[in-house]
**Q** 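Below you'll find the structure I mean.
In what follows, every chain begins at residue 1, and chains take the letters A, B, ... in the order their sequences are listed. Worth saying up front: this structure is predicted, and the values here are computed from it rather than measured.
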Amino acid sequence: MTAADAAARIRERFGVEAVVEGSSVTAVLPRERWQEAGGVARRELGCAFFNWLSAVDWKERGLEVVCRVDNLDARLGLTLRTRLDAGAPRCPTLTGVWRGADWMERECYDMFGVVFEGHPDLRRILLSEDWEGHPLRKDYAVDTPHTPYR
Amino acid sequence: MPETQTRQVVELGYAGSERLVMNMGPQHPSAHGVFRMLLTLEGETVVAMDAIIGYLHRCHEKLGETLTYVQYPSIASKTDYVAAMTSELAYVSAVEALGTFEVPRRAQYLRVLVAELQRIASHCLWLGTWCMDMGGALGGGATVFLYCFREREEVLDRLEELTGARLLYGFHQVGGTRYDVPAGWDRKVRDTVAFIERRIDEWEAMLEDNAVFRVRTQGVGVVSRELAQEVGIAGPLLRGSGVDFDLRRDAPYSSYGDFRFRVPVEAAGDCYARYRVRMVEFRESIRIARQVLDGLPEGPISSRPGVKSVGQVRVPKGEAYARVEGARGEVGCYIVSDGGPRPYRMKWRGASFSNLAVLPHIIPGHKVADVVAIMGSVDPVFGEVDR
């Protein structure tokens, strides 16, 4: 499985553009096919290694979830991206595909407020349960004073 | 019991009647930082575990968005403060991948040299603290711990001579390194690694001939090859689970392509396998360090002139993910740039975060005493877990 093969498989299967850069492939998928894409990456492209998952806040254009997985045997890296609706950041979970998505999705929920639908245990992971807001959102007011004791 | 824990309880066919929830941490000596576990016990056996992290969270990623490419590298070292060189390198590599920065060969060699010295220092800390966690069972409590610290001090002395700092270096910068080697330093480094090389044999003799050490590590905390990849554990843990993957060899960065070294792999996946992988890595790091010193090219150490303003480094719009093989595995930095002097978004892929995430999968079924041995074998650094 080379990067070109993987890109061709994604194009054929999902009808989306897949960009090859060296040994890594990047593909932007519709939100509805996010879990399906995860399954294809894991089973057909051999990306068994769950590297990381996070998000980027594009302000009024909404949040984008970015997920990086690897096929360590073929030295292939795959970056999957999906754009969420502005205002209602909801994304299907990948925990059913890779168990490692558990903590990464919790962190993404904690920092961006993305609700991962179907996640078995979605709660904050780094911040305390009573924290207000999601700090890595661009509209999070960094200068707001927080009471030091709660 | 909160709902979240009850869901994780694993039935082990225990005939007893009582379950006890025990809190471990956050200030437990074996936590190597601030880490809390909620263990659900049946007798001595752990049946469920919930990990509570975030005590050291400083929101590095938000900080990265407010500091420029010139300012952040010295802050990057504070993510994994036990192997600070690694995270600095990951950050500057990501910036260099975004823009067009030439890095002189001498700087590339120096980057590899400090990365390997850092790996030795970090593994010393791991071995010492891990053995102390397992305590008196190893024939005298703090013996291995103090031996390892003595050796680690030597490495830190060398890094101090190079950068002026012992833990948080600020050595890397976009386009090269900030410091060149002082006169006579390479001789000292050679002496240091020769000294440590002899000590490794001693440690191995002390530990591997010790029946108690073997009983406490062999067959304990087994991570299968499949679980290892699914959770995304990296570095010595991944290689201890039979996956032959090392970024230094399989996706060479900096000047790793110029050096010869072996990548140790162990199939067992237990604490002992992880221990063996790291012991071999010690020697391979020493081997690489010697090769760097032998072939250190002359020339400049940075392609950029000295810093005149903090907004001096700019990169075009775009995004890049750079990763390096740290002492604990893949340390990656993902940067999205909007063309300004600071990143639009910066994400850390901390090796310790992913490594620690494997604990809830492997600890249930073990005795409480094994929890400490397993956690030590994972070698988490909480600055990197919580970022």
**Q** Using the side chain to side chain donor-acceptor pair (under 3.5 Å) rule, collect all pairs that involve residues 346-363 of chain B, keeping only residues at least two apart or in two chains.
**A** A/Asn51-B/Arg349, B/Tyr72-B/Trp348, B/Ser352-B/Glu384
**Q** Side chain, backbone, both or neither: which part of B/Val358 has a heavy atom under 4.5 Å from chain A?
**A** neither
**Q** Side chain, backbone, both or neither: which part of A/Ile125 has a non-hydrogen atom closer than 4.5 Å to chain B?
**A**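 When you check distances to chain B, atoms from both the backbone and side chain of A/Ile125 fall under 4.5 Å.
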**Q** Identify whether the distance between the nearest side-chain nitrogen and carboxylate oxygen of B/Glu61 and B/Arg387 falls below 4.0 Å.
**A**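 Here B/Glu61 pairs with B/Arg387 in a salt bridge, since their nearest N and O are under 4.0 Å apart.
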**Q** Is it the backbone or the side chain of B/Tyr334 that comes under 4.5 Å from a heavy atom of chain A, or both, or neither?
**A** side chain
**Q** B/Tyr321 versus chain A, heavy atoms under 4.5 Å apart: side chain, backbone, both or neither?
**A** side chain
**Q** Hey, does the side chain of A/Asp102 reach the backbone of A/Arg99 with a donor-acceptor pair shorter than 3.5 angstrom?
**A**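 It does not hold such a pair.
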**Q** B/Ile52 versus chain A, heavy atoms under 4.5 Å apart: side chain, backbone, both or neither?
**A** neither
**Q** Looking at B/Ser337 and B/Pro316, would you say the former's side chain and the latter's main chain have a donor-acceptor pair under 3.5 Å?
**A** yes
**Q** Do any of residues 22-45 of chain A come closer than 4.5 Å to chain B, heavy atom to heavy atom, and if so which ones, in number order?
**A**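 Counting heavy atoms that sit under 4.5 Å from chain B, the residues of residues 22-45 of chain A involved are A/Arg42.
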**Q** If the contact rule is any heavy atom under 4.5 Å from chain B, which residues of residues 61-82 of chain A qualify, in numerical order?
**A** A/Val66, A/Arg68, A/Asp70, A/Leu72, A/Asp73, A/Arg75, A/Arg81
**Q** Just by modelled atom types, is the B/Glu325 backbone N or O under 3.5 Å from a matching donor or acceptor in the B/Tyr253 side chain?
**A**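 The answer is yes, because a donor-acceptor pair under 3.5 Å joins these two groups.
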**Q** To check you understand the geometry: which heavy-atom pair defines the closest contact between B/Ala76 and B/Ser87, and what is its length?
**A** O-OG, 3.2 Å
**Q** Count the heavy-atom pairs under 4.5 Å between each of B/Arg345, B/Glu230, B/His57 and chain A, then report the option with the highest count.
**A** B/Glu230
**Q** Where on B/Ala357 is there a heavy atom nearer than 4.5 Å to chain A: the side chain, the backbone, both, or neither?
**A** both
**Q** Examine whether an atom of A/Leu53 lies under 4.5 Å from a heavy atom of chain B, and if so say whether it belongs to the side chain, the backbone or both; otherwise answer neither.
**A** backbone
**Q** Where on B/Asp244 is there a heavy atom nearer than 4.5 Å to chain A: the side chain, the backbone, both, or neither?
**A**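 Backbone of B/Asp244 only, per the 4.5 Å heavy-atom cut-off to chain A.
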**Q** Any donor-acceptor pair under 3.5 Å linking the side chain of B/Arg342 with the backbone of B/Thr66?
**A** yes
**Q** For a 4.5 angstrom cut-off between non-hydrogen side-chain atoms, does B/Ile374 reach B/Leu359?
**A**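 Touching, per the 4.5 Å side-chain cut-off.
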**Q** Taking heavy atoms only and a threshold strictly under 4.5 Å, list by residue number the residues of residues 105-115 of chain A that touch chain B; give 'none' if the list is empty.
**A** A/Glu107, A/Met111, A/Phe112
**Q** Judged by atom type as modelled, is there a donor-acceptor pair below 3.5 Å linking the side chain of A/Thr93 to the main-chain atoms of A/Phe116?
**A** no
**Q** Would you mind checking which part of B/Arg225 comes under 4.5 Å of any heavy atom in chain A, side chain (CB onward), backbone (N, CA, C, O), both or neither?
**A** side chain
**Q** Quick one: what part of B/Ile233 sits under 4.5 Å from any heavy atom of chain A, side chain, backbone, both or neither?
**A**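 Only the backbone of B/Ile233 comes within 4.5 Å of chain A.
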**Q** Is the backbone of B/Gln108 close enough, under 3.5 Å, to the side chain of B/Ser254 for a donor and an acceptor to pair up by distance?
**A**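 Yes.
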**Q** Taking NZ, NE, NH1 and NH2 as the nitrogens, is one of them in B/Glu65 or A/Lys138 under 4.0 Å from a carboxylate oxygen of the other?
**A** yes
